[in-house]
2 protein chains.
Amino acid sequence: MAEADSGTVDLEIIVQDAQEGKKRELRLWLRMLSTTKLISQEVRRRLRNEFGATLPQFDLMAQLYRESDGLRLGELSKRTMVTNGNVTGLVERLESDGLVVRETPDGDRRVTVAKLTPKGEELFGAMAAAHEGWLRDMMADVDPAIIAELWADIGAVKSSVNDHLSGAAFD
Amino acid sequence: MAEADSGTVDLEIIVQDAQEGKKRELRLWLRMLSTTKLISQEVRRRLRNEFGATLPQFDLMAQLYRESDGLRLGELSKRTMVTNGNVTGLVERLESDGLVVRETPDGDRRVTVAKLTPKGEELFGAMAAAHEGWLRDMMADVDPAIIAELWADIGAVKSSVNDHLSGAAFD
DNA sequence: CCGAAACCTTTGACATTTCAAATATTGCTC
DNA sequence: GAGCAATATTTGAAATGTCAAAGGTTTCGG
């Protein structure tokens, strides 16, 4: 590839750095994206086959599971990183399946609060347990120390990204 | 899980390990997912504002960019990790924008090959350069050594996941 | 060659996604 | 207390996403 001239080791390092190191961030991003897609597809397939649920529904129910008082739709939107308009449809479908109820609090009639039904809690409990197992299985060949390290380092990435957004900020 | 008995400091470590360590994989997954969503949203916003393109379109064009002979739709589907049916519509829209052409080779009329037009190549070239810059900017606060390490370790995760799929395998 | 199996793409039904515009309600100001 | 900005959700258009079923084409065995 590169035409090194006099070259000892240093030059090679520089050249390599200018080539291989050039697109580090891009390559990390592409790998993160494909890995996330891969896991998502597997989780979606299993949620569908074993529980008849979709991944966004699982996500939304996860947020409601720990909030027995329910959450406003706007808050759900922030936590799931899903747009407002999207939450409307998701909650509608979950409601028609009897997994969630919507109610408007007395004080403020602009607000809609979504809450899991007992049926929803039961289903989510089963899904959550299975889901955790799937993830453990899929990552079974990765050293636990690496997993912990990844968790921390990806946190650093997330933090950097959050500080360099053109628009809104999250989390 | 394990009932340690005598216990001083060791017990705490065990307990902590049994609690905090319990859902390592799950927590890594949740963090990967939210980080990927965050970056995706930013990239999508910028692609839209600066080039009027969508992320899946960018993805698909990226695959065609390096294959001057074009790719069969099935191959595109595998590489982009998008279903066959989805590729059909994606390519249709790109074709109506004059960025891609579809043609059927002489030998096998089952096959459709998609190929970038000159206009498509030009647009993608500009998008790719900008895209790489955006990623570098977003990850600017992360140590380059960490980025390289993440790339490798996420590779290990991907590999493990690939070996524990219930269905098809990728990459 | 004929029919069955295999292969490639499209189609159709639905769910999710984003964005922008429209609605509805509150709260605040004057 | 009338009007207006701010807040919260819904709606609508267009694109993407999955899956399963249907359409053509090839290929291969007999």
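Chain letters run A, B, ... following the sequence lines, proteins first, then strands; residues in each count from 1.
A donor-acceptor pair is defined here as one N or O able to donate and one able to accept, closer than 3.5 Å; such a pair exists between the side chain of A:Ser34 and the backbone of A:Leu30. Of the possible donor and acceptor atoms, none in the side chain of B:Asp97 sits under 3.5 Å from a partner among the backbone N and O of B:Leu99.
Note on B:Leu90: only backbone sugar-phosphate atoms sit closer than 4.0 angstrom, heavy atoms only; bases stay farther off. Backbone-only engagement by A:Thr112 is indicated by non-hydrogen atom pairs under 4.0 Å involving sugar-phosphate atoms exclusively. Residue A:Val87 is classed as having no contact, given no heavy-atom separation below 4.0 Å to the nucleic acid. Residue-level contact check: A:Asp108 touches the backbone only, with heavy atoms under 4.0 Å from sugar-phosphate atoms and none from bases. Among the atoms of the strands shown, base atoms are found under 4.0 Å from some heavy atom of B:Thr83.
At least one side-chain nitrogen or oxygen of A:Arg102 sits closer than 4.0 Å to the OP1 or OP2 atom of D:dT10. For B:Asn84 and C:dT9, the shortest distance from a side-chain N or O to OP1 or OP2 is not below 4.0 Å. For D:dA8, the OP1/OP2 oxygens have a side-chain nitrogen or oxygen of A:Arg72 closer than 4.0 Å.
When rounded to the nearest whole Å, the span between CG of B:Leu76 and C1' of C:dC8 equals 13 Å. B:Gln41 places its CD atom 6 Å from the P atom of C:dT18, with the value rounded to the nearest Å. B:Lys37 places its NZ atom 14 Å from the C1' atom of D:dG17, with the value rounded to the nearest Å. In this structure, CG of A:Asn86 is placed 17 Å from P of D:dA15, rounded to the nearest angstrom. Rounded to an integer number of Å, the gap from B:Arg109 CZ to C:dT10 C1' is 17 Å. The interatomic distance linking A:Leu60 (CG) with C:dA15 (C1') rounds to 14 Å, in whole Å. With rounding to whole Å, A:Glu92 atom CD is found 15 Å from C:dT17 atom P. Distance B:Met81 CE to D:dT18 C1': 14 Å, rounded to the nearest Å.
Nucleotides of DNA chain D nearest to B:Pro56 and A:Gly85 differ in position, and the one nearer the 5' end is that of A:Gly85. If A:Thr54 and A:Asp106 are placed on DNA chain C by their nearest nucleotide, the residue sitting closer to the 5' end is A:Thr54.
With salt bridges taken as basic N to acidic carboxylate O contacts below 4.0 Å, one links B:Arg45 and B:Glu42.
Ranking C:dC8, C:dC19, D:dT18 by closeness to the A:Arg44 side chain, first place goes to D:dT18. For A:Val82, the side-chain atoms get nearest to C:dT17 when compared with the rest of C:dC8, D:dT10, C:dT17. Nearest nucleotide to the side chain of A:Leu73, out of C:dT10, D:dT18, D:dT10: D:dT10.
Residue-environment remark: CD (B:Glu50) exceeds the threshold of 12 foreign heavy atoms within 6.0 Å.
With A:Glu67 as the partner, the salt bridge (Lys or Arg N to Asp or Glu O under 4.0 Å) test is satisfied by one option alone out of A:Arg72, A:Lys115, A:Arg79: A:Arg79.
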Next item on the list: Let me see the working for A:Ser159 and B:Asp141 under side-chain contact (heavy atoms from CB on, under 4.5 Å), right down to the final yes or no.
Entry: CA-CA 8 Å; A:Ser159 174; B:Asp141 300 342; over 6 Å; no

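On a pure distance criterion of 3.5 Å, a polar donor-acceptor pair joins the side chain of A:Arg110 and the base of D:dT7.
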